[in-house]
Protein chains: 2
Amino acid sequence: MTSAQNATRERILASADQLFSKRGYAAVTLRDIASSIGIKHASLYYYAPGGKKELYVAVMERNFLRHRQGLTDAIVRAGVDVRMQLYAVADWFVTQPPLNLSRLHEADMDDLGSDQADALMTLAYDAMRTPLRSIFEPAAAAGLVQIHDFNVAALALVSLLQSVHNVPAHYPMPVRYQIGHTLVDMLLDGWRTR
Amino acid sequence: MTSAQNATRERILASADQLFSKRGYAAVTLRDIASSIGIKHASLYYYAPGGKKELYVAVMERNFLRHRQGLTDAIVRAGVDVRMQLYAVADWFVTQPPLNLSRLHEADMDDLGSDQADALMTLAYDAMRTPLRSIFEPAAAAGLVQIHDFNVAALALVSLLQSVHNVPAHYPMPVRYQIGHTLVDMLLDGWRTR
DNA sequence: GTCTATATTTCGATAGAC
DNA sequence: GTCTATCGAAATATAGAC
C-alpha cells in the first residue's frame with residue numbers, strides 16, 4: 001500500500017467521520033462522503049470493498065480510539081488538579097464533533113450485525129471510562145470528590161458535556177469553551193448552596 | 001371527523017412517535033410506521049396528506065407538548081422541595097422515549113424547511129425551559145440553589161438525565177429510576193466533598 | 001485509481017378499485 | 001377508509017473501460 005493510498009483513505013475516513021458523527025448512519029449516503037472529497041461514490045469501494053457498513057465501522061473505531069487517546073493526553077497535560085483535568089475534558093469535547101452515544105446504540109447499531117454492534121459499543125464506552133477513571137480514582141482516594149459509581153459518573157459527564165453542541169449554531173468558539181467550563185463547575189460544585 | 005378516524009390517527013401518531021424518537025427521521029420509513037399498526041403505507045396518506053414530513057412535524061409537536069405537560073404535572077405533584085421536584089423530572093424522562101435534542105437539530109432538522117425547523121426547535125426548548133424554570137426560579141430566590149443561567153441549567157439537566165437511556169438494555173426499570181435519582185443528586189450536591 | 005454505466009432494491013408518493 | 005399497483009427518484013453495489 002502506497003502512501004498516496006493511505007492519504008486518500010485518510011481523507012475518506014476523516015470526512016466520513018464528520019458526516020456520520022453529525023447526521024448518523026442512515027442519513028449519510030456514500031455520495032455525500034464521496035462528493036465531500038471530490039470523487040465519485042463508486043471509487044469508495046476501492047478503499048472499502050465492504051461498502052457503507054465497513055466504512056462506518058472503520059470510521060467509528062477510529063473515532064473512539066481518537067477520543068480515548070485525545071482524552072488521555074488532555075488529562076495528562078492538565079496536571080493534577082481535578083477541576084483543571086475536567087476543564088481539559090470539556091475542551092476536548094468542544095473541539096470534537098458531537099458524540100451521540102444515545103443515537104449510537106438506539107439507532108445506528110440496528111443496521112449492523114449484533115456482534116459487531118456489541119464490540120463497537122464496548123469500544124465506545126471504554127474510550128470514555130478508561131481516561132475518566134484516571135481522574136476519578138485518585139481524586140476519590142484522596143477524598144477530594146465523592147463518587148459512588150465511576151461508570152455512571154463517566155457516562156453522566158460525557159452526556160452532560162454534549163449539551164455544548166445544543167447551543168445555537170452562531171455561538172463562537174470562546175463562548176463554547178466557557179459553557180463547557182460552566183458545566184464542569186456545575187457537576188463539581190453542585191447547584192445547592194453550601 | 002368521526003371518533004374512529006381520530007382513533008386510527010392516534011394509533012399512527014403514537015407509533016410514529018416511538019419510531020421517530022428512537023431512530024430519527026431518516027432511519028424511519030413510512031412502511032415501518034404503517035406495518036407497526038397493521039396497515040399499508042399508502043393508507044397513511046389518508047391521515048397525513050402531506051406525507052412523511054407532515055407526519056414527523058405533527059408527531060414532534062405532540063411529543064414536545066406532552067413533555068411540557070408531563071413535566072409541569074410531575075413537578076406540581078412533587079410538592080415544594082427542590083430535590084423531590086428534580087426526582088420527579090428524572091422519573092418522567094425515565095418513562096419517556098429518549099429525547100435526543102442533539103440529533104434533533106443536527107440531523108433531523110436538515111430534512112425540513114428552515115422556518116418549520118426553527119419553530120419546532122423553539123417548541124422543544126420551551127417545553128424544557130418553562131417547566132424547569134418553575135423549579136429554578138423559586139429555589140434561587142429562596143437562596144436554596146445557585147444557578148447563574150437558567151437556560152444553560154435546563155439544557156444541562158435534560159442532557160444529563162438522558163444518560164439513563166445509555167445503560168445496557170437489560171437494566172430493569174427500578175434500577176433506571178435509581179440511576180435517575182443518582183444523577184439528580186450529582187447535580188444538586190456536586191462531586192466535590194464539602 | 002478513478003471513472004461511466006448499469007443492475008437491484010427501497011423509498012416516498014400517486015392513481016384508482018373496492 | 002383501506003387496499004393493490006405502479007411510478008419516479010435515490011440509494012447501495014457491481015462491472016468494466018481507461
Side-chain angles (χ1 to χ4, degrees), chain A residues 1-60 103 107-113 116-117, chain B residues 1-20 22-60 103 107-113 116-117 120:
Chain A
M1 185 179 290
T2 71
S3 68
Q5 263 180 340
N6 278 328
T8 301
R9 182 178 162 87
E10 194 62 25
R11 292 177 60 214
I12 292 172
L13 292 179
S15 189
D17 191 7
Q18 291 282 337
L19 290 168
F20 280 135
S21 293
K22 178 171 162 58
R23 302 188 211 160
Y25 181 82
V28 174
T29 71
L30 294 180
R31 285 174 173 82
D32 290 335
I33 299 171
S35 72
S36 73
I37 62 167
I39 63 175
K40 298 296 179 182
H41 82 281
S43 302
L44 292 177
Y45 288 88
Y46 176 79
Y47 297 97
K52 188 179 181 181
K53 288 186 186 179
E54 178 190 318
L55 204 50
Y56 180 78
V57 172
V59 160
M60 286 299 133
R103 181 189 65 202
D108 292 357
M109 290 300 135
D110 291 1
D111 299 299
L112 272 54
Q116 238 176 356
Chain B
M1 184 179 288
T2 72
S3 68
Q5 263 180 339
N6 279 326
T8 302
R9 183 178 161 86
E10 193 62 24
R11 291 177 62 211
I12 292 172
L13 291 179
S15 189
D17 190 7
Q18 291 281 337
L19 290 168
F20 280 135
K22 177 170 161 56
R23 303 188 210 160
Y25 181 82
V28 174
T29 72
L30 293 181
R31 286 171 174 82
D32 290 335
I33 299 172
S35 73
S36 73
I37 62 167
I39 64 175
K40 298 297 179 181
H41 81 282
S43 303
L44 292 177
Y45 288 88
Y46 176 79
Y47 297 98
K52 188 179 181 181
K53 287 186 186 179
E54 178 191 317
L55 205 51
Y56 179 78
V57 172
V59 159
M60 285 299 132
R103 181 190 64 201
D108 291 357
M109 291 300 134
D110 293 359
D111 298 301
L112 272 54
Q116 241 177 355
L120 257 189

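Sequence lines set the chain letters: A, B, ... in the order given, protein chains first and strands last, and positions in each chain run from 1. Reckoned from all heavy atoms, side chains included, excluding hydrogens, waters and symmetry mates.
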Fill in: A/M60 vs A/S21, side chain to side chain contact (heavy atoms under 4.5 Å, CB included): CA-CA, chis, key distance, verdict
CA-CA 9 Å; A/M60 286 299 133; A/S21 293; 4.1 Å; yes
Practice prompt. Could you tell me the separation between the CG atom of A/D111 and the P atom of D/dA13, rounded to a whole number of Å?
Written response: 11 Å
Item to complete: Using only side-chain N and O atoms of A/S43, determine if any of them is under 4.0 Å from OP1 or OP2 of C/dG1.
Response: no
Fill in: Length of the NZ-P vector between A/K40 and D/dA11, whole Å
14 Å
Worksheet item: Just how far is it from atom OG of A/S35 to atom NE2 of A/H41, taken to the nearest 0.5 Å?
Response: 11.5 Å
Worksheet item: A/R23 and salt bridge (Lys or Arg N to Asp or Glu O under 4.0 Å): which partner among A/D32, A/D108, A/D17?
Response: A/D32
Practice prompt. Please name the pair of heavy atoms, one in A/K53 and one in A/D111, separated by the smallest distance, quoted to 0.1 Å.
Written response: CE-O, 3.0 Å
Discussion item. Counting only side-chain heavy atoms from C-beta out, which of C/dA5, C/dG12, C/dG1 sits nearest to A/A42?
Written reply: C/dA5
Worksheet entry | Distance, rounded to the nearest Å, where B/L44 contributes CG and D/dC3 contributes P | 10 Å
Fill in: Protein-nucleotide distance (A/Y45, atom OH; D/dT14, atom C1'), rounded to Å
9 Å
Discussion item. Applying side chain to side chain donor-acceptor pair (under 3.5 Å), can you list everything that pairs with B/T8, at least two apart in sequence or on another chain?
Written reply: none
Discussion item. Applying side chain to side chain contact (heavy atoms under 4.5 Å, CB included) to A/L55 and A/I12, what does each step give before you reach the verdict?
Written reply: CA-CA 9 Å; A/L55 204 50; A/I12 292 172; 4.1 Å; yes
Worksheet item: Between atom CD1 in B/I37 and atom C1' in D/dT2, what is the gap in whole Å?
Response: 11 Å
Worksheet, complete the sentence: Contact check, residues 23-36 of chain B vs DNA chain D, heavy-atom distance under 4.0 Å, returns none
Discussion item. For B/Y47 and B/L13: C-alpha separation, side-chain torsions, deciding distance, then whether side chain to side chain contact (heavy atoms under 4.5 Å, CB included) applies.
Written reply: CA-CA 10 Å; B/Y47 297 98; B/L13 291 179; over 6 Å; no
Worksheet item: Quick one: A/Y47 OH to C/dG1 P, roughly how many Å, whole number?
Response: 6 Å
Fill in: Phosphate contact (C/dT2 OP1 or OP2) by A/Y46 side-chain N/O below 4.0 Å
no
Practice prompt. Classify the angle between the aromatic ring planes of A/Y56 and A/Y25 as parallel (below 30°), tilted (30 to 60°) or perpendicular (above 60°).
Written response: perpendicular
Discussion item. Could you check whether the side chain of A/H41 and the base of D/dA13 have a donor-acceptor pair of N or O atoms closer than 3.5 Å, going by distance alone?
Written reply: yes
Practice prompt. Check the pair B/L44 / B/I39 against side chain to side chain contact (heavy atoms under 4.5 Å, CB included), numbers first and verdict last.
Written response: CA-CA 8 Å; B/L44 292 177; B/I39 64 175; 4.0 Å; yes
Fill in: Contact residues, residues 49-56 of chain A to DNA chain D [heavy atom, < 4.0 Å]
A/G51, A/K52
Worksheet entry | Length of the CZ-P vector between B/R11 and D/dG1, whole Å | 14 Å
